[in-house]
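So you know, we letter chains A, B, ... as the sequences are listed, proteins then strands, and number each from 1. Every value quoted in this text rests on a predicted model; they were computed, and no experiment measured them. Atoms considered below: every heavy atom in the structure, side chains included; atoms not considered: hydrogens, waters and symmetry mates.
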Amino acid sequence: MRLSRLWLPTTKETPADAEIVSHRLMLRAGMIRKLGAGIYSWLPLGLRVLRKVETIVRQEMDRAGAQEISMPMVIPAELWQESGRLTKYGPELLRIEDRHQRDFVLGPTHEEVVTDLIRRDLRSYKQLPVTLYQIQTKFRDEIRPRFGIMRGREFLMKDAYSFHLEADDLEREYRNMRAAYARIFERIGVEFRIVKADSGAIGGDRSEEFHVLAGSGEDVLAVSDASDYAANLEAAEAAIPAVRPSAAEALARVATPAQTTCEAVAGLLGEPLSRTVKLVVVKGREQPLAALVLRGDHEVNVVKAAKHPMVAAPLQLAGEAEIRAAFGCPPGFLGPVGACVPVIADRSAAMLADFICGANEVGFHLRGVNWGRDCTEPVVADLRNVVAGDPSPDGRGRLQLVRGIEVGHIFQNGALYTAALGVRVQDEQGGDRIPVAGCYGIGVSRIVAAAIEQRHDEAGIVWPEAIAPFSVIVCPIGAGQSTAVAEAAQNLYDELAAAGVETLLDDRGLRPGPMFADADLIGVPHRVVVGERGLAAGQFEYKRRGAGAAEMIAATAAAVREKLSA
RNA sequence: CGGGGUGUAGCUCAGCUUGGUAGAGCGCUUGCUUCGGGAGCAAGAGGUCGCAGGUUCAAAUCCUGUCACCCCGACCA
């Protein structure tokens, strides 16, 4: 491709509303342009990268035995009614009406559609297992789209669905997909980590996420420093602490006129924050309220808490009025002693002895409190977010918190959708069975942004070879003055192109500065500079993007190709 | 959805308090000189100041409404 003909609007200045590096670089490199909040056009350079990612995903899905299909984006709302997700999925689901006032949704994910597709034609167990996938534009009406393509409302996703007669066959396919995903991210050339996850709105039993590790990631991951244990913070299990020490102090009431936080109380008493306990009052599932007890230095894990049978899901905090009515005192002085709502203690809080908590009386806290002695033994559960330094749940190493960008998510849904939509299949004995299913998603467009987050420098993008928009850029210097340079560059370009190398010829006639700046910005992995000085010595200058210095090579296409394969 | 903020040239922004000729830098066009890491000089093009009302002799500026976008919180590939 000749750069003079390529629609490549690069900019030196950064648009004001781009926060993270991938968004800035994608705009500056002329890869994308915004049409509205969270909706973007892909320009030629960006689309080439997107297509490369898509191709790798498609190849590996095919290799793993999945079959490509294409399902509609516009879906009759009844189907979502049938699965129960029309209301459950919430406002993120974009609803539209046709001319007959019939309701449709724009598909944010396709469990319903694919399950409907299957139920229409599935008769016999002999048709199973089957894995279908598509690569398609999805629409999710995100509350707050941000970071450009990273969290767009419209985005390209690969979604695959598998159906099985038996759970163990689902497990086999889940592993197969897991391995295919690992190959995909390896081929793309990004550093990733597989983490245990919560299955969220998709629902189901077992799920894992694939994360590209990057400081700008929106997810916090807990990873062990000594094993391969890794989990999303939402799902990371807090290790069970050692046994509870025996009580040593007597219960005492202390005046805390203005201390309404654990920090303030601990400060006043000169005790570590980890000896205090706080009460988080939430709506209960059966009872109106439930009180969660956590150590002062710990935080509630919203996902874990909402899974507890005594807690309403999704988690809702109690209002101040409800708290006053139940405890006879406002938040800030709450404690488990004499509490009249069910108490659930986090494992760490339950293992404390001689702890400090609110007295359920304005202006007073208690110290030397002990479970069993001063208040009833609580229900114990894992309720908190893990913190850096916690022991890894697998018993090996300590947890570190790192950030990641979720680029893939695999689930075993079991019979969640097949049962809801009434899918039936005959088994070997002629019995009626409900098949089980798995689903497997990859954020194709998000991978493009994630790769940039991981691979860039001050000058611009540093593409991994596998998804670079072009392989080589040829930069002639002073081609307007030197026909030798112009011809040598043109010949090199022709020979590389003829050999099937994706080559960009910068024939814009720019001065070296802007030309190199653009080459660095768009991140083409290999750069060949053709200049009069070099040609006089029979040489081109070669530089690998991201490498330190340039080197001189023989002024032939063969020498360049040798560098490409090196 | 709640809280905060911004809409003026392609981009980054000034001008608004105190109403009176719409500006700068970058980018773009043309010419000349330059030419190995975002050149210099000269001449140009380009804006119904987000939109709609209102106040006024006069509105980018004041008032009302409205739309869009951005940032902070709960969701997800």
Quick check for you: among [options], whose closest atom lies nearest to any side-chain atom of [X]?
X	options	answer
A:E19	B:C72, B:C26, B:A77	B:C72
A:E142	B:C1, B:G37, B:C75	B:C75
A:E406	B:G37, B:C69, B:C76	B:C76
A:D17	B:A74, B:C69, B:A39	B:C69
A:R28	B:G38, B:G73, B:C70	B:G38
A:H409	B:A77, B:C26, B:A39	B:A77

Say we look at [N] and [M]: how far apart would their [atom1] atoms be, to the nearest angstrom?
N	M	atom1	result
B:C28	B:C70	C1'	27 Å
B:C72	B:G25	C1'	31 Å
B:G7	B:U12	C1'	14 Å
B:C49	B:U61	C1'	10 Å
B:G40	B:U48	C1'	37 Å
B:G38	B:C26	C1'	11 Å
B:A68	B:A58	C1'	29 Å

Which part of the nucleic acid, if any, lies within reach of [X] when heavy atoms closer than 4.0 Å are counted: base, sugar-phosphate only, or nothing?
X	result
A:R153	nothing
A:E209	nothing
A:G443	base
A:G152	base
A:V529	base
A:D520	base
A:A37	sugar-phosphate
A:P512	sugar-phosphate
A:G531	base

Base-pairing assignment for [N] (Watson-Crick or G-U wobble, both under 3.5 Å):
N	answer
B:U55	none
B:C49	none
B:A68	B:U6
B:U34	none
B:G73	B:C1
B:U29	B:A43
B:U61	none

Please report the distance, rounded to the nearest Å, between [atom1] in [X] and [atom2] in [N].
X	N	atom1	atom2	answer
A:E208	B:A77	CD	P	14 Å
A:Y89	B:A77	OH	C1'	10 Å
A:Y40	B:C70	OH	C1'	10 Å

Can you tell me whether the side chain of [X] and the base of [N] have a donor-acceptor pair closer than 3.5 Å?
X	N	value
A:D219	B:C76	yes
A:R511	B:G40	no
A:E13	B:C26	no
A:R151	B:C76	yes

Kindly compute the distance separating NE2 (A:H298) from NZ (A:K278), expressed to the nearest 0.5 Å. 9.0 Å

Got a second to check how far A:R285's CZ is from A:M310's CE, nearest 0.5 Å? 10.5 Å

Does the pair A:R508/A:D518 count as a salt bridge with the N-to-O cut at 4.0 Å? yes

Carboxylate-amine/guanidinium proximity below 4.0 Å for A:E54 and A:K158: no

5'-most contact on RNA chain B (nearest-nucleotide basis), A:I442 vs A:T14, goes to A:T14

Given RNA chain B, 5'-ward residue of the pair A:I143 and A:L35, judged by closest heavy atom: A:L35

Using the side chain to side chain contact (heavy atoms under 4.5 Å, CB included) rule, pick out the option among A:I461, A:I522, A:L521, A:T10 that qualifies with A:R28. A:L521

Aromatic ring proximity, centroids under 6.0 angstrom, A:F185 and A:F210: yes

Does the structure show A:F516 stacking with B:G38, if we require the centres to be closer than 5.5 Å and the planes to be within less than 30 degrees of parallel? no

Exercise: do A:Q134 and A:S70 side chains pair donor with acceptor under 3.5 Å: no

So, A:R151 side chain and A:R144 main chain: donor-acceptor pair closer than 3.5 Å or not? no

Phosphate contact (B:C70 OP1 or OP2) by A:K34 side-chain N/O below 4.0 Å: yes

